[in-house]
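Here is the structure we will look at, set down as structure tokens.
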Amino acid sequence: MNKNELKQFLLGTLENAKEASGGKQIICRCKLPGCNDTKQHLYIGDFESNQPIFYNCFKCHQSGFLGQNFFDNYNDFNVDSNLIILSSNESNI
């Protein structure tokens with residue numbers, strides 16, 4: 001899965017997710033453990049650079065690399081995190 005495919009997957013999977021920053025990021029409601037976000041404070045991106053993809057919640061201040069830990073801890077995320085693998089040239093998530 002490349003970054004664009006991952007972005008489209010997240011837009012279709014995360015509740016009320018939408019593009020932000022001209023498509024470089026996704027924003028959605030944070031459902032990480034301990035967060036009481038009722039709006040959209042979780043930012044995920046940058047999908048257009050060669051840098052690793054990060055997430056950051058401006059409500060609960062949880063952040064990090066978008067990887068196994070994120071998918072394992074994100075509440076209501078019904079997908080096997082082992083299926084989320086980027087191609088070798090974009091494997092820095």
Side-chain angles (χ1 to χ4, degrees):
M1 177 179 290
N2 64 37
K3 283 187 174 184
N4 187 53
E5 291 169 333
L6 177 60
K7 179 175 134 182
Q8 295 308 313
F9 172 77
L10 292 173
L11 285 168
T13 304
L14 300 174
E15 181 181 342
N16 296 323
K18 61 183 179 182
E19 288 186 351
S21 300
K24 292 181 183 179
Q25 296 181 327
I26 292 174
I27 60 171
C28 62
R29 184 173 159 232
C30 182
K31 292 188 176 183
L32 290 165
C35 189
N36 60 356
D37 187 5
T38 58
K39 298 193 179 175
Q40 294 180 317
H41 291 96
L42 181 64
Y43 285 71
I44 303 171
D46 175 348
F47 288 95
E48 295 183 1
S49 74
N50 290 332
Q51 299 299 312
I53 299 172
F54 288 93
Y55 66 92
N56 182 49
C57 178
F58 288 94
K59 180 77 171 179
C60 68
H61 305 289
Q62 295 182 67
S63 62
F65 290 106
L66 187 71
Q68 178 103 21
N69 190 45
F70 174 83
F71 292 105
D72 288 347
N73 289 310
Y74 197 86
N75 294 333
D76 299 332
F77 200 75
N78 299 318
V79 68
D80 180 358
S81 60
N82 293 320
L83 298 176
I84 314 270
I85 299 171
L86 293 181
S87 64
S88 61
N89 65 341
E90 296 178 331
S91 62
N92 295 325
I93 65 168

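These figures come from a predicted structure and were not determined experimentally. Residue numbers count from 1 along this sequence.
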Inset, instruction - Determine, using the 4.5 Å side-chain heavy-atom cutoff (strictly less than), whether I26 and L66 are members of one ILVMFWY cluster. - result: yes
Inset, instruction - Tell me whether F54 is reachable from F58 by hopping between hydrophobic residues (I, L, V, M, F, W, Y) whose side-chain heavy atoms are closer than 4.5 Å. - result: no
Would you say [X]'s side chain and [Y]'s backbone share a donor-acceptor pair under 3.5 angstrom?
X: E19; Y: L11; result: no
X: E5; Y: N2; result: yes
X: K7; Y: G45; result: no

Legend entry - Evaluation steps, side chain to side chain contact (heavy atoms under 4.5 Å, CB included), between C57 and L42: CA-CA 4 Å; C57 178; L42 181 64; 4.0 Å; yes
Legend entry - Heavy-atom side-chain proximity of I27 to Q40 below 4.5 angstrom: yes
Inset, instruction - Keeping to residues at least two apart or across chains, list the salt bridge (Lys or Arg N to Asp or Glu O under 4.0 Å) pairs with something in residues 33-49. - result: none
Inset, instruction - Please work out whether the ring planes of F70 and Y55 are parallel, tilted or perpendicular, with thresholds of 30° and 60°. - result: tilted
Legend entry - Where F47 and K3 come nearest, the two heavy atoms and their spacing: CD2-O, 3.6 Å
Inset, instruction - First locate atom CG of N36, then atom NZ of K31, and finally report the distance between them rounded to the nearest 0.5 Å. - result: 13.5 Å
Legend entry - Interatomic spacing from NE2 in H41 to SG in C35 - rounded to 0.5 Å: 8.5 Å
